[in-house]
Amino acid sequence: MQLHRMNMQHKNKLMRINRSMGLRVNSSQFTLGGKPFRILGGSLHYFRLPRAYWKDRMVKMKACGLNTLTVDVPWSLHQPEKGELRFQGGLDIDYLHLAAEVGLWVILRPGPYIGSDLDLGGLPSWLLRDREMMLRTTYPGFIAAVNVYFDKLIPKVVPFQFKKGGPIIAVQVDNKYGSHARDGNYMSFVKEALQERGISEVLLTSDDREGLKYGGVQGVKFLVCMNILGNKALLILILILILIKPNSPVLVMELWTGRSDGWGGLHHSLPAEDLLAVVRETLRRGMSINLYMFHGGTNFGFMNGALANPSYKALVTSYDYDAPLSEAGDYTQKYHLLRDLLSNFNSEILSEMPGLHWKEEYEATILFQHLSLWDALPYTHEPFKSQFPVNMENLPVNNGNGQAYGYTLYETTIIRGGSLKSGRNIQDRALVFLNQSFIGIFHHRNVELAVPDGKKRTLSLLVENCGRVHYGKDMDNQRKGIVGNILLNHTPLRDFTIYSLDMTPDFIDRAPWKSVPNKPSFPGFFQGRLFVNGYPSDTFMKLPGWSKGVVFINGQNIGRYWDAGPQQALFLPGPFLNSGMNQVIVFEEAEADFKIQFEDSPDLGMTVDI
């Protein structure tokens, strides 16, 4: 009842706003509708949570005292193929309606590049089919693709602008371009592309400390993006601003609330007291903020990005981010402390905190059916024969768009053993087999294997795209699979049969399943059933005794698991489940316990403070 009353108050307030005057810079403060305005924002990725939970997370954001939702739009998910744009289901722009309904303003970040710890920073992988491609430049192939994308996306968001009665008060041009800065004309191109298609609200750029000099563009307001993890970083920000933007309002566009995790590392945690100290000091100095992330969510499927420095490290499935709202949407100590603080910066009484979704500990699922990878091959894409190895993106699959995610199997015939070298041409990780028997693994730090002597045999390399780098100078070099010669005794291997294993639901549905044998072969698929009695609830899947693979629930790719940690449990949202029987499929690379546990609490692994 109180939430409804607060929303009505907000709607009445909106009716009194002068819509002809959008977000503006007035001396040392922002104004909106001609009145002083401080942005209290938070990032929330609609693509990292079920559509059924969009409103829940926004209402919790509003109840925390925030007034602005920052939205990143992932090109790669909206246009997975050149001729196909998706704005349905979990990619519907209905989140803009919901933001207005809840009473949140919106800062839209449509890219083209958004970063966001996504595979290739949210750029579609089919761009890399062009061997000459230069991402984030005015290279003709790139700007032609951006124009097609913006022709479809921007007209859908234009009606939601502030001056047209909608919630969008600002639009960001690309993201952190100053750190990439390789084309002096690029940012002007993006700016004009947005404006020509009807964007009339204030345009923003956002850069970190290293990129401030190169990331701006004439006619675009300059806002500062700093990765603030403590008061020392805040002090540096203040000193920079005194020098370059005196007497100007400041929006800290990415005030980090935590950090993403990489496989094989530890779970990162920013102590709540440290975050609160930075937010309090930032607000005391009159600055505006955007909390990145307010709620992280989950890297469902294969959407996770990867870090390049100091060495390659793929990000885990959980995008909890140690944010104020947990991966499952639960309140944390950070949330409560921020709510207490932000209540002092709101003219209205904050709405009540919504109730939490129930977490269920379901009965363990036994996976009783099996399909070896080798038996599944006839049900994948038609194999492709090539004298030379071909990277994923350039495979002749998916209507000429190549393979974006998943695994690719390369097979050839050898007639002797010896030293097998990848020369770092395996991207990112490969299981190696001789006549379907495992002999070793290639990865970024292991580039040589010994092949036993023998006569004519089939050499198979199952290569996984673990996630393309999402930030930095290496993005043009993110083609996956086998990207160059593989040498056996210094001689390049030739004459490959290549199978694309993107693991889409239709492939899984066509496969012929058998009962699990006493000694099942690996890699392989395992199938079982989860029974849900009544309305489905959120839960967490744990796979003790399993090694590395992917989980599918009712055809939905929930994400990767790996005993390398730190993540020990996968979040399974209730909206992905049915009342009654649910299909559970696991692709496992090496070993299996044949059982999945469902628990009511997360396990993000061993923690380290940042």
Side-chain angles (χ1 to χ4, degrees), residues 125 128-131 311-312 314 372-398 400 402-468 474 476-503 521-524 548 587 589-590:
S125 64
L128 299 177
R129 289 176 64 83
D130 180 350
R131 292 292 180 182
S311 61
Y312 177 87
S372 76
L373 172 67
W374 318 109
D375 291 339
L377 293 180
Y379 302 91
T380 65
H381 294 282
E382 187 73 21
F384 170 63
K385 294 185 182 297
S386 172
Q387 181 181 2
F388 304 95
V390 178
N391 56 285
M392 283 186 177
E393 296 80 4
N394 287 93
L395 291 174
V397 296
N398 298 320
Q403 182 180 344
Y405 311 112
Y407 295 75
T408 305
L409 180 67
Y410 298 81
E411 292 193 330
T412 188
T413 300
I414 61 173
I415 58 175
R416 63 180 62 86
S419 173
L420 187 67
K421 295 183 179 181
S422 68
R424 302 193 185 280
N425 287 324
I426 297 289
Q427 301 295 329
D428 296 297
R429 186 175 181 272
L431 305 181
V432 185
F433 304 85
L434 267 183
N435 287 345
Q436 301 180 3
S437 294
F438 177 74
I439 62 169
I441 298 177
F442 280 132
H443 52 72
H444 287 266
R445 293 182 300 277
N446 184 42
V447 297
E448 184 173 6
L449 290 175
V451 177
D453 289 332
K455 298 181 179 180
K456 184 177 180 180
R457 292 162 297 171
T458 298
L459 177 71
S460 305
L461 298 98
L462 180 64
V463 185
E464 178 188 5
N465 166 13
C466 297
R468 295 180 182 87
D474 296 331
D476 284 345
N477 301 314
Q478 290 305 303
R479 293 173 182 85
K480 298 297 182 178
I482 298 181
V483 299
N485 286 326
I486 304 299
L487 306 179
L488 179 59
N489 300 326
H490 307 291
T491 301
L493 296 176
R494 293 291 183 259
D495 300 322
F496 289 88
T497 300
I498 307 173
Y499 297 84
S500 173
L501 306 171
D502 45 16
M503 299 196 181
S521 66
F522 294 95
K548 187 180 190 302
F587 174 70
E589 293 183 5

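For clarity, every value in this text was computed on a predicted model and none was experimentally measured.
Taking all atoms of both residues into account, the shortest heavy-atom contact from I426 to S422 is CG1-CB, 3.5 Å. Minimum heavy-atom separation, E393 to Q478: OE2-O, 3.6 Å. Closest approach of F438 to G440, counting heavy atoms only: CE1-O, 3.0 Å. Nearest approach of F433 to P523, heavy atoms of both residues: CZ-CD, 3.4 Å. Of all heavy-atom pairs spanning E448 and F442, the tightest one is N-CE2, 3.5 Å. Residues A404 and N465 approach most closely at O-ND2, 3.1 Å, considering heavy atoms.
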I'd like to know whether Q403 forms a side-chain hydrogen bond (donor to acceptor under 3.5 Å, both in side chains) with T408, so could you lay out the CA-CA distance, the side-chain angles of the two residues, the decisive distance to 0.1 Å, and finally the verdict. CA-CA 9 Å; Q403 182 180 344; T408 305; 2.9 Å; yes
Between N398 and H381, does the side-chain contact (heavy atoms from CB on, under 4.5 Å) criterion hold? Intermediate values first, please. CA-CA 9 Å; N398 298 320; H381 294 282; 3.6 Å; yes
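Atom CG in N435 sits 8.0 Å away from atom OG in S460 (nearest 0.5 Å). For the atom pair CG of D428 and NE2 of H443, the computed distance is 11.5 Å after rounding to the nearest 0.5 Å. Here the CG atom belonging to D474 is positioned 14.0 Å from the CZ atom belonging to R468, to the nearest 0.5 angstrom. Rounding to the nearest 0.5 Å places CG of N425 at 8.5 Å from CD1 of I482. Interatomic distance, S125 OG to K480 NZ, rounded to the nearest 0.5 Å: 11.0 Å. For the atom pair I415 CD1 and D453 CG, the distance stands at 12.0 Å (nearest 0.5 Å).
The closest side-chain heavy-atom distance from Q436 to T458 is not below 4.5 Å. Two residues are said to be in side-chain contact when any heavy atoms from C-beta on lie closer than 4.5 Å; Y410 and I498 meet this criterion. Using a 4.5 Å heavy-atom threshold, the side chains of Y499 and E411 count as touching. No side-chain heavy atom of T412 sits under 4.5 Å from any side-chain heavy atom of L461. No side-chain heavy atom of T413 sits under 4.5 Å from any side-chain heavy atom of D495. Under the 4.5 Å side-chain criterion, counting only non-hydrogen atoms from C-beta, L459 is in contact with L434. Two residues are said to be in side-chain contact when any heavy atoms from C-beta on lie closer than 4.5 Å; T380 and L409 fail this criterion.
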Name every donor-acceptor pair, under 3.5 Å, that has one atom in a side chain of residues 485-493 and the other anywhere in the protein, sequence neighbours excluded.
unit_1	atom_1	unit_2	atom_2	d
N485	OD1	R494	NH1	2.9
N485	OD1	R494	NH2	3.4
N489	OD1	S419	N	2.9
N489	ND2	G417	O	2.9

For a quick test of your reading: what N or O donor-acceptor pairs under 3.5 Å do the side chains of residues 382-390 make, sequence neighbours left out?
unit_1	atom_1	unit_2	atom_2	d
K385	NZ	T497	OG1	3.1
S386	OG	F388	N	3.2
S386	OG	F388	O	2.6

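Atom CZ of R131 has more than 12 heavy atoms from other residues, nucleotides or ligands within 6.0 Å.
Using a 4.0 Å cut-off between charged side-chain N and carboxylate O, E589 and K548 make a salt bridge.
Between F587 and Y407, the angle of the ring planes goes over 60°, which puts this pair in the perpendicular group of the 30/60° scheme.
Checked by atom type and distance alone, the side chain of R457 pairs as donor or acceptor with a backbone atom of K455 at under 3.5 Å. In this structure, R424 contributes its side chain and H444 its backbone to a donor-acceptor pair below 3.5 Å.
Inspection of the N391 and N394 side chains reveals an N or O donor paired with an N or O acceptor under 3.5 Å.
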